[in-house]
There are 2 protein chains.
Amino acid sequence: MILKSQVEWALHCCAILAGLPPGRYLSTKALAELHGLPKEYLSKALQSLSQASLVETTLGPSGGYRLARSPSEINFLDIVEAVEGKSRTFTCSNIRANNPCRPKDFCDSKPCSVARIMWQADEAWRNTLKSVSLADLVDTLSEDVPADIWKNTFEWVLQRAG
Amino acid sequence: MILKSQVEWALHCCAILAGLPPGRYLSTKALAELHGLPKEYLSKALQSLSQASLVETTLGPSGGYRLARSPSEINFLDIVEAVEGKSRTFTCSNIRANNPCRPKDFCDSKPCSVARIMWQADEAWRNTLKSVSLADLVDTLSEDVPADIWKNTFEWVLQRAG
DNA sequence: CATTTGCGGATATATATTGTCCTTAATAAA
DNA sequence: TTTATTAAGGACAATATATATCCGCAAATG
Ligand code: FES
Ligand code: FES
């Protein structure tokens, strides 16, 4: 089990969009070039963000993407679920029902204990993702990324932002 | 991203093995029949448990599997990692290095902030799995599963255990 | 010796991920 | 108005992973 590479792409793209001045847009082309990614396929990830209402778009030259909410109101879980979907990482196929010792019309009242525990772990994962906002990420990045690279990157971005 | 169905299989098989009297073995055939699973493919999951030293095996008629440790000394994470592998669910392909604004010989001192946060969530998932033992599972199951089905199941198992 | 068992390799099939190509409609700039 | 640029999305192909089956081997049992 491994998350799609699009998750890494989407998170990094959102981090860039979070640093964009209000009202400006950044295109798929610029985001793809900045991260060295296949433009057409990155576009699918950005469409997922759009369908999840995390970003807004506009068409035409100088068009592209911008965040639909403030960075403090978007968290990691929002972005991960936009790309990966909201379904749980453990799926129960109810193999307990195949037990030959069970009456064949027996109906379970609760989900299986095994599944419940797996889902608790899934919840812990989601809660951690939910606890970190895009604003938190930008704070951490601006500490970790060397100041000159950070500065150059946003100059590069602003030259291409519509 | 979704866990393999073998995870569900392995957890249920371990729960059965945990209820086996000391010294007895249960075969792949019996475990497959009990859970309604393809014997040959379930065998692969059990081999994973064996390679992880969670179970011991013996050959020949009356052979099969038993736990290598007491149920209180085996947790969910042991079993999940035996089947799914120990690698993290988020992999960083270091797309930050493709940033055209970076000196091309620049070397990062830390893992990317994005990856660190994703790995924290992964840790939270693993910690939850680690906190539940097979003994805990058996306790929960014996409360949830109706007493007569529970009893019949272990009679069925004991008839087939070598 | 005959049977049963776990183990591992080889192989086949189904599904998911990754990636490309193309058309369409909207938008902005020339 | 014309032209260029953009996001959206459908169709498709390539690749990787998950699921599943089959076979031969060596060990254990009786
Ligand atoms: S039957 Fe699906 S987890 Fe128990
Ligand atoms: S470069 Fe991989 S997560 Fe940031």
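Order of the sequence lines fixes the chain letters, A, B, ..., with proteins taken first and strands second; residue numbering starts at 1 for each chain. Worth saying up front: this structure is predicted, and the values here are computed from it rather than measured.
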Chemist: To the nearest Å, how far apart are I2(A) CD1 and dA16(D) P?
Modeler: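 One finds 14 Å between P of dA16(D) and CD1 of I2(A), rounded.
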Chemist: Whole angstroms only, please: what is the CG-P distance between L17(A) and dA7(D)?
Modeler: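 Atom-to-atom, L17(A) to dA7(D), this comes out as 11 Å.
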Chemist: Nearest of dT6(D), dC23(D), dT29(D) to any side-chain atom of L59(A)?
Modeler: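 Between dT6(D), dC23(D), dT29(D), the one nearest the side chain of L59(A) would be dT6(D).
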Chemist: Between P on dT5(D) and CD on E33(A), what's the gap in Å once rounded to a whole number?
Modeler: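 After rounding, the reported distance stands at 14 Å.
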Chemist: Under 4.0 Å between a side-chain N or O of S62(A) and OP1 or OP2 of dT6(D)?
Modeler: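 False: S62(A) side-chain N/O out of range (4.0 Å or more) of dT6(D) OP1/OP2.
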Chemist: Using only heavy-atom distances, determine whether the side chains of R96(A) and N98(A) contain a donor-acceptor pair under 3.5 Å.
Modeler: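 Looking only at side-chain atoms, N98(A) and R96(A) do not form any donor-acceptor pair under 3.5 Å.
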Chemist: I'd like the 5' and 3' limits of the part of DNA chain C contacted by chain B, with heavy-atom contacts below 4.0 Å.
Modeler: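 Range of nucleotides within reach of chain B: dT3(C) to dT17(C).
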Chemist: Tell me what S5(B) touches on the nucleic acid: a base, only sugar-phosphate, or nothing, going by heavy atoms under 4.0 Å.
Modeler: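 If one applies the 4.0 Å heavy-atom cut-off, S5(B) turns out to touch the sugar-phosphate alone, with no base involved.
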Chemist: Closer to the 5' end of DNA chain D via nearest nucleotide, is it S50(A) or M1(A)?
Modeler: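 Going by which nucleotide is closer to the 5' end, it is S50(A).
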Chemist: Please report the distance, rounded to the nearest Å, between CD in Q47(B) and P in dA27(D).
Modeler: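 For the pair Q47(B) CD and dA27(D) P, the rounded distance is 16 Å.
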Chemist: For DNA chain D, whose closest nucleotide is more 5', that of E84(B) or that of K44(A)?
Modeler: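 Nearest-nucleotide comparison on DNA chain D picks K44(A).
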Chemist: Rounded to the nearest Å, what distance is computed from the OH atom of residue Y41(A) to the C1' atom of nucleotide dA14(D)?
Modeler: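 Atom-to-atom, Y41(A) to dA14(D), this comes out as 12 Å.
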Chemist: Quick one: do the N75(B) and S131(B) side chains pair a donor with an acceptor below 3.5 Å?
Modeler: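 S131(B) and N75(B) do not have a side-chain donor-acceptor pair below 3.5 Å.
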Chemist: With a 4.0 Å cut-off, would you call R88(A) and E123(A) a salt bridge?
Modeler: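 Looking at R88(A) and E123(A), the cut-off is not met.
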Chemist: Charged N to carboxylate O under 4.0 angstrom, D78(B) versus K130(B)?
Modeler: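 Not counted as a salt bridge, because no side-chain N and carboxylate O are separated by less than 4.0 Å.
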Chemist: Examine dT29(D): is either OP1 or OP2 under 4.0 Å from a nitrogen or oxygen in the side chain of Y25(B)? Give yes or no.
Modeler: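 Negative; the distance criterion is not met.
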Chemist: Let me know, please, whether E40(B) or L3(A) comes out on the 5' side of the other along DNA chain C by nearest nucleotide.
Modeler: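 It is E40(B) whose nearest nucleotide is closer to the 5' end.
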Chemist: Expressed in angstrom and rounded to an integer, what is the separation of L31(A) atom CG from dA7(D) atom C1'?
Modeler: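 Going from L31(A) (CG) to dA7(D) (C1'), I get 13 Å.
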Chemist: Could you tell me whether G64(A) contacts a base, only the sugar-phosphate backbone, or nothing, with contacts defined as non-hydrogen atoms closer than 4.0 Å?
Modeler: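 Here G64(A) touches the backbone only, sparing every base.
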Chemist: We want to know whether E73(A) and S133(A) form a side-chain donor-acceptor pair, criterion being a heavy-atom distance below 3.5 angstrom.
Modeler: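 Result is no, nothing qualifies.
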Chemist: Hey, is D122(B) close enough to R116(B) for a salt bridge, meaning N to O under 4.0 Å?
Modeler: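 Judged by the 4.0 Å cut-off on N to carboxylate O distance, D122(B) and R116(B) do not form a salt bridge.
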Chemist: Need one value for Q51(B): base, sugar-phosphate or nothing, where a base atom within 4.0 Å counts as base even if backbone is also close, heavy atoms only.
Modeler: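 Since only primed, P, OP1 and OP2 atoms lie under 4.0 Å of Q51(B), the category is sugar-phosphate.
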Chemist: Is there a donor in the side chain of S93(B) and an acceptor in the side chain of E8(A), or the other way round, less than 3.5 Å apart?
Modeler: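 Per modelled atom types, S93(B) and E8(A) side chains form a pair under 3.5 Å.
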